[in-house]
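Note sheet for the following structure.
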Amino acid sequence: MEIYIHLPFCKSKCQYCDFNSYACKDDALIYTYFAALIREIRFAATSYGQSKIDTVYIGGGTPSMLDAGKIKSVCKALKESFDLSAVKEFSIEANPESITEDKLASYSEVGVDRISIGVQSLDDRNLKSVGRLHDSATALEKIKLAGKYFDNVSADVIIGLPYDSAEGISREIGALAPLVKHMSVYQLTLEEGTPLKKRVDEGKVWLPSDDEVADYQLLVTKILGEHGFERYEISNYARQGYASRHNMGYWMGEEYLGFGAGAHSMVRSDGGKRLSAQVRFANPRDLNAYIGGVNCAPAYDKIPRAEMSVQNEREIISERIMLGLRTSKGVDEKLLEGRVPPELEQFFERKAGRASLTPRGMEVMNGILLRIL
Ligand code: SF4
């Protein structure tokens, strides 16, 4: 089983962001959020405390903007509530401007062994235009600093930002690759209601076209390949042995518990024997609704959820295919029986009972999924 902890606080909101995160300077609110979070974790132990935990991921928001004592208190609650003796990966997300040597030392002390840094771009014009709080020099400096404490450092990059160009992307990927073991390279999505979407709609900002962005992704794959990275998922690249176990767990259908506002969970009521026993639930995204719900609940199964569904077998198989084909590991071939028309076979590789998409297939994955699901 995997655990995800959501810390939804940021110093300010980035222009493209529609994650469940809040620009928050209210210490009292942060304090009550952590109290509720720890209560939820301790409650969950009564139902799932026997489960062996494989991975822990502390995400956000910006976990590194919080003082290290808060992270410690959550880790203490986790250790007292779950069996963490076999954890294989313990990640935390951080942003360059709030990483300090003291925080890195403290994360390492509580068992974190992987840090994922939100670089997003090494072009200062891009960083400024989307409201990031760091500059490229700080990003490089903090990645190097993180490397003193963690062998497993990952960098997040966004492609499709206003000032991106093939030369710029080559430069930034080439500069980051030698410093990290893992990179997530996401294509910018313009989300409804974000300031960036509004500025683009008003013609105040121009973004690269879809074709240009698709070319950038190919370029990233090529450059990272030259540096020894494998594209093991549509947006993720790793050196051998450094693919994110936590995220692979999501894509491979492992059970997970999410704690915090808006966090999702997926568990199987029979321990995974039958596909049809899969339950998904999610917490309210709103901070006060989450805090109030957890504080009023007398037990874990009484916490009010924003969503709760028992998935049927058809839904679960579609989900397995959809998530599995994102990865180089692919899916059990049997799941695809009778689904792939002959003209689409060219996009599949089949090996040892598993089917995965070829590099070309990955580029056109959405179209393929529409045909086979
Ligand atoms: S730091 Fe991350 S979570 Fe926070 S506003 Fe920016 S993109 Fe969103």
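As the structure is a prediction and not an experimental result, all values here were calculated from the model. Ligands are counted one by one from 1 in listed order, and the atoms in each one are counted from 1 as well.
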Criterion side-chain hydrogen bond (donor to acceptor under 3.5 Å, both in side chains) on N126 and S129, from CA distance to verdict: CA-CA 5 Å; N126 270 337; S129 76; 4.5 Å; no
S21 and ligand 1 - part of the residue with a heavy-atom distance under 4.0 Å: side chain
Parallel, tilted or perpendicular: ring planes of H246 versus Y4, cut at 30 and 60 degrees: tilted
Residue pair Y232, H182: steps toward the ring-ring contact (aromatic ring centres under 6.0 Å, His included) verdict: CA-CA 10 Å; Y232 71 96; H182 183 280; 5.6 Å; yes
T62 neighbourhood, listing ligand 1 atoms whose heavy-atom distance to it stays under 4.0 Å: 1 (S), 4 (Fe)
Contact check: C10 to atom 4 (Fe) of ligand 1, N/O/S below 2.8 Å: yes
Ion pair R350/E333, N-O distance below 4.0 Å: yes
Ring-face cation of R305 near Y300 (centre distance under 6.0 Å, axis angle within 45°): yes
For atom 5 (S) of ligand 1, closest protein heavy-atom neighbour: C14 N, 3.2 Å
Contact atoms of ligand 1, heavy-atom distance to S12 under 4.0 Å: 5 (S)
Numbered atoms and elements of ligand 1 in range of Y16, under 4.0 angstrom, heavy atoms: 7 (S)
Any R132 heavy atom less than 4.0 Å to ligand 1: yes
Modelled atom types, side-chain donor and acceptor of R132 and Y16, under 3.5 Å: yes
Candidate with minimal heavy-atom separation from atom 3 (S) of ligand 1, of G59, G61, A23: G61
Atoms in ligand 1 with a heavy atom of F19 nearer than 4.0 Å: 3 (S), 8 (Fe)
Atom 8 (Fe) of ligand 1 to nearest N/O/S of C17 below 2.8 Å: yes
Option passing salt bridge (Lys or Arg N to Asp or Glu O under 4.0 Å) with E319 (candidates R280, R314, R326): R280
N95 neighbourhood, listing ligand 1 atoms whose heavy-atom distance to it stays under 4.0 Å: 1 (S)
Parallel, tilted or perpendicular, as decided by the 30° and 60° cut-offs, for the rings of Y256 and Y250: perpendicular
